[in-house]
Asker: 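Attaching a single structure in structure tokens format; questions to follow.
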Amino acid sequence: MTLEADLREAVGDRQVLVDPSVTASYETDWTRRFTGRARCVVRPADTREVTAVLQICARHGVAVVTQGGNTGLVGGGVPTDGEVVLSTSRLSQVGPVDTVSGQVTLGAGVTVTAIQQAVRPLGLDFGVDFAARDSATIGGLVSTNAGGERVLRYGGTRQQVVGLEAVLADGSVLSRLHALPKDNTGYDLAGLLTGSEGTLAVITAVRVRLWPLLTHRTVALLALDSTTAALAALAALKARLGSLEAAELFLADGLALVMRQTGLPAPVPGHHAAYLLVECADRVDPGDAMLDVLEEVGALVPGLDDIVMGEDARSRESLWRYREAHTESINAVGVPVKLDVAVPHAHLERALRELPALVAEVAPGARTIIFGHLHEGNLHVNVLPGEGLPASDDHAVTDVVLRYVASLDGSISAEHGVGRAKTAWLGLSRSPAEIAAMRSVKAALDPGQLLNPGVIFRADTGTTPAVHA
Ligand code: MLT
Ligand code: ZN
């Protein structure tokens, strides 16, 4: 029997997609930068079917790329040439919410929005949130150890995972979905699979910790004359506001692009180099406390030019839109090279000043739009070709940015993962010993290199790329 026939027998005819007009949306990522060809797309309904799919693919020697909401930004969820795409879209079950332990078990295909809708009516909330919430799935969040806009308060996805279920390449099922808040019996396999980008197993379900739902929120947008002023404001706010939940940075050129693409008016009058969007959340209205603190901070921090507050849901949302619309506005004007990096706060101002010039050396005329999560020093460096100019040389742009970031003791991937995009540069952020240990884990769990080959490590060689700074 052919691979497709075996898969149809396992999951049903309608769940094996081969028509190119249907598979196309699974073959290209949402930036349009990563595109490939799938042998077929298969949509298993449960863990038993995932096991069957993996065993069939192993028998036929065909590699598998797992895909959730296809919102990844490093090419880790799209095929290259002839892999089976395993879509988690039908693993969409939300289990009963345990309000005592504050936990819930979710199928890998449950979106962030669906988690919020399930737990908020019970007075609980999920700790990770970001603009792609309607499509991004919990399986994808765990695979990439996604960050988002609330890391400052709740940590990243890793901090939310209490247990998970996953299927290894040979079909064996690892299941740690019990509700025990403490469990020290041996290796933390859930921790190992978190951030493994689909290279070690297919995650089928995740048990996450939940937080008290904070019912009152206030947002403020601070306009500043420099990133140094933004950092000083953040430090002052963190010291004074226990309810601080988000601190997001964007710059004048990013704001101008967002305003052009969305038609939004300027949030504050005048030109400002940097904007810091902060949100406080509490069970009582944090607005007055925030206002008092902002007045204090305004007197303390030179360069804090202006502040606009958003207290009701509509004004909060419109302030968030200036930040969250960055990704779609960038995608709307071209296919960007997206580089997600982190630099120590001490080097942030310098990095923001020097990065555009460094990029311009290898991509003349390119536009470098940078925004990100200030608390983590996490910069999203987006390089767009200049108007009328050919697409920039991805490799040259990536190389110059990542080497520069490594020279500042930064990370070449703060939250999006390594994917296919950064395999050649892994050695800038990880030592040869670390890479060798990671390769040993990969070889032990997926000896046939069936799961996401070419993601995190180059598929073709057993050696470490020689790109040390
Ligand atoms: C964000 O922070 O908005 C996301 O990481 C997406 C992006 O970098 O474009
Ligand atoms: Zn981000």
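Just so it is clear, the model here is predicted, and its values are computed rather than measured.
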Asker: Which residue pairs satisfy the ring pair (Phe, Tyr, Trp, His ring centres under 6.0 Å) criterion with at least one member in residues 304-323, sequence neighbours excluded?
Answerer: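 Every candidate ring pair (Phe, Tyr, Trp, His ring centres under 6.0 Å) pair involving residues 304-323 fails, so no pair, neighbours aside, qualifies.
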Asker: Counting only N and O atoms by type, is there a donor-acceptor contact under 3.5 Å from the side chain of E279 to the main-chain atoms of A246?
Answerer: no
Asker: Going by heavy atoms in the side chains, are S411 and V405 under 4.5 Å from each other?
Answerer: no
Asker: CG of N382 to OG1 of T327: how many Å apart, nearest 0.5 Å?
Answerer: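 Here the interatomic distance stands at 7.0 Å.
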Asker: For L192 and Y187, run side chain to side chain contact (heavy atoms under 4.5 Å, CB included): C-alpha distance rounded to whole Å, both residues' side-chain angles, the deciding distance at 0.1 Å, then the answer.
Answerer: CA-CA 9 Å; L192 177 66; Y187 293 155; over 6 Å; no
Asker: Of all residues at least two apart in sequence or in a different chain, which pass the side chain to side chain donor-acceptor pair (under 3.5 Å) check with T368?
Answerer: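 Applying side chain to side chain donor-acceptor pair (under 3.5 Å) to T368 gives none.
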Asker: Are any of the side-chain nitrogens in R403 or D399 under 4.0 Å away from the carboxylate oxygens of its partner?
Answerer: yes
Asker: Distance only, no hydrogens: is a donor on one side chain within 3.5 Å (strictly under) of an acceptor on the other, for R283 and T215?
Answerer: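 T215 and R283 do not have a side-chain donor-acceptor pair below 3.5 Å.
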Asker: Sequence neighbours left out, what passes side-chain contact (heavy atoms from CB on, under 4.5 Å) with D253? Give chain and number order.
Answerer: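 D253 satisfies side-chain contact (heavy atoms from CB on, under 4.5 Å) with L251, I369 once adjacent residues are dropped.
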Asker: Which residues satisfy the side-chain contact (heavy atoms from CB on, under 4.5 Å) test with H216, sequence neighbours excluded?
Answerer: D285, P286
Asker: Considering only NZ, NE, NH1 and NH2 on the basic side and carboxylate oxygens on the acidic side, decide whether R321 and E328 come within less than 4.0 Å.
Answerer: yes
Asker: Does the side chain of K442 reach to within under 4.5 Å of the side chain of L200, using non-hydrogen atoms?
Answerer: yes
Asker: State, yes or no, whether a side-chain contact exists between L348 and L374 at a heavy-atom distance under 4.5 Å.
Answerer: yes
Asker: Evaluate the criterion side chain to side chain contact (heavy atoms under 4.5 Å, CB included) for residue pair L221 and F250; output intermediate values, then yes/no.
Answerer: CA-CA 10 Å; L221 183 64; F250 53 90; 3.7 Å; yes
Asker: Among T66, N452, L168, which residue satisfies the side-chain contact (heavy atoms from CB on, under 4.5 Å) criterion with V202?
Answerer: T66
Asker: Can you find a pair of side-chain heavy atoms, one from F126 and one from V104, that are under 4.5 Å apart?
Answerer: no
Asker: Walk me through it: do I330 and L384 pass the test side chain to side chain contact (heavy atoms under 4.5 Å, CB included)?
Answerer: CA-CA 8 Å; I330 289 165; L384 282 163; 3.9 Å; yes
Asker: With sequence neighbours excluded, tell me which residues meet side-chain contact (heavy atoms from CB on, under 4.5 Å) with D312.
Answerer: R314, S315
Asker: If we ignore hydrogens and angles and just use 3.5 Å, is the side chain of D29 paired with the main-chain N or O of T71 as donor and acceptor?
Answerer: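 Not a single qualifying donor-acceptor pair exists.
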Asker: Sequence neighbours excluded, which residues qualify as side-chain contact (heavy atoms from CB on, under 4.5 Å) partners of T28?
Answerer: R32, T35
Asker: Under the 3.5 angstrom rule, does the side chain of E349 hit a backbone N or O of T227 as a donor-acceptor pair?
Answerer: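 Checked: pair present.
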Asker: Check whether any side-chain heavy atom of D129 sits under 4.5 Å from a side-chain heavy atom of Q116, and report yes or no.
Answerer: yes
Asker: Any side-chain heavy atom of W30 sitting closer than 4.5 Å to one from L73?
Answerer: yes
Asker: Looking at D446 and L451, would you say the former's side chain and the latter's main chain have a donor-acceptor pair under 3.5 Å?
Answerer: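 Such a contact is found between D446 side chain and L451 backbone.
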Asker: List, one per line, each side-chain donor-acceptor pair under 3.5 Å for residues 288-302, sequence neighbours excluded.
Answerer:
from: E296; atom 1: OE2; to: R240; atom 2: NE; distance (Å): 2.7

Asker: Using atom types as modelled and distance alone, determine if a side-chain donor or acceptor of K422 lies under 3.5 Å from a backbone N or O of I412.
Answerer: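 At least one qualifying donor-acceptor pair exists.
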Asker: Show me the side-chain donor-acceptor pairs of residues 156-164 shorter than 3.5 Å, one per line, residues at least two apart or across chains.
Answerer:
from: T157; atom 1: OG1; to: A146; atom 2: N; distance (Å): 3.4
from: T157; atom 1: OG1; to: A146; atom 2: O; distance (Å): 2.7
from: R158; atom 1: NH1; to: G191; atom 2: O; distance (Å): 3.0
from: R158; atom 1: NH2; to: T194; atom 2: O; distance (Å): 3.2
from: Q159; atom 1: OE1; to: G156; atom 2: N; distance (Å): 2.8
from: Q160; atom 1: OE1; to: W211; atom 2: NE1; distance (Å): 2.8
from: Q160; atom 1: NE2; to: Y154; atom 2: O; distance (Å): 2.8
from: Q160; atom 1: NE2; to: G156; atom 2: O; distance (Å): 2.9

Asker: Just jot down the side chain to side chain donor-acceptor pair (under 3.5 Å) partners of R367, sequence neighbours excluded, or say none.
Answerer: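 Not a single residue meets the side chain to side chain donor-acceptor pair (under 3.5 Å) criterion with R367.
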Asker: Could you tell me which residues satisfy side chain to side chain donor-acceptor pair (under 3.5 Å) with R120, sequence neighbours excluded, listed by chain and number?
Answerer: D125
Asker: Does R350 have any side chain to side chain donor-acceptor pair (under 3.5 Å) partners at least two apart in sequence or in another chain, and if so, which?
Answerer: E354
Asker: What side-chain donor-acceptor pairs closer than 3.5 Å can you find for residues 413-420, not counting sequence neighbours?
Answerer:
from: S413; atom 1: OG; to: G417; atom 2: N; distance (Å): 2.9
from: S413; atom 1: OG; to: G417; atom 2: O; distance (Å): 2.8
from: E415; atom 1: OE1; to: G148; atom 2: N; distance (Å): 2.9
from: E415; atom 1: OE2; to: H373; atom 2: NE2; distance (Å): 2.9
from: E415; atom 1: OE2; to: H380; atom 2: NE2; distance (Å): 2.8
from: R420; atom 1: NE; to: G75; atom 2: O; distance (Å): 3.1
from: R420; atom 1: NH1; to: P453; atom 2: O; distance (Å): 2.9
from: R420; atom 1: NH2; to: V78; atom 2: O; distance (Å): 3.3

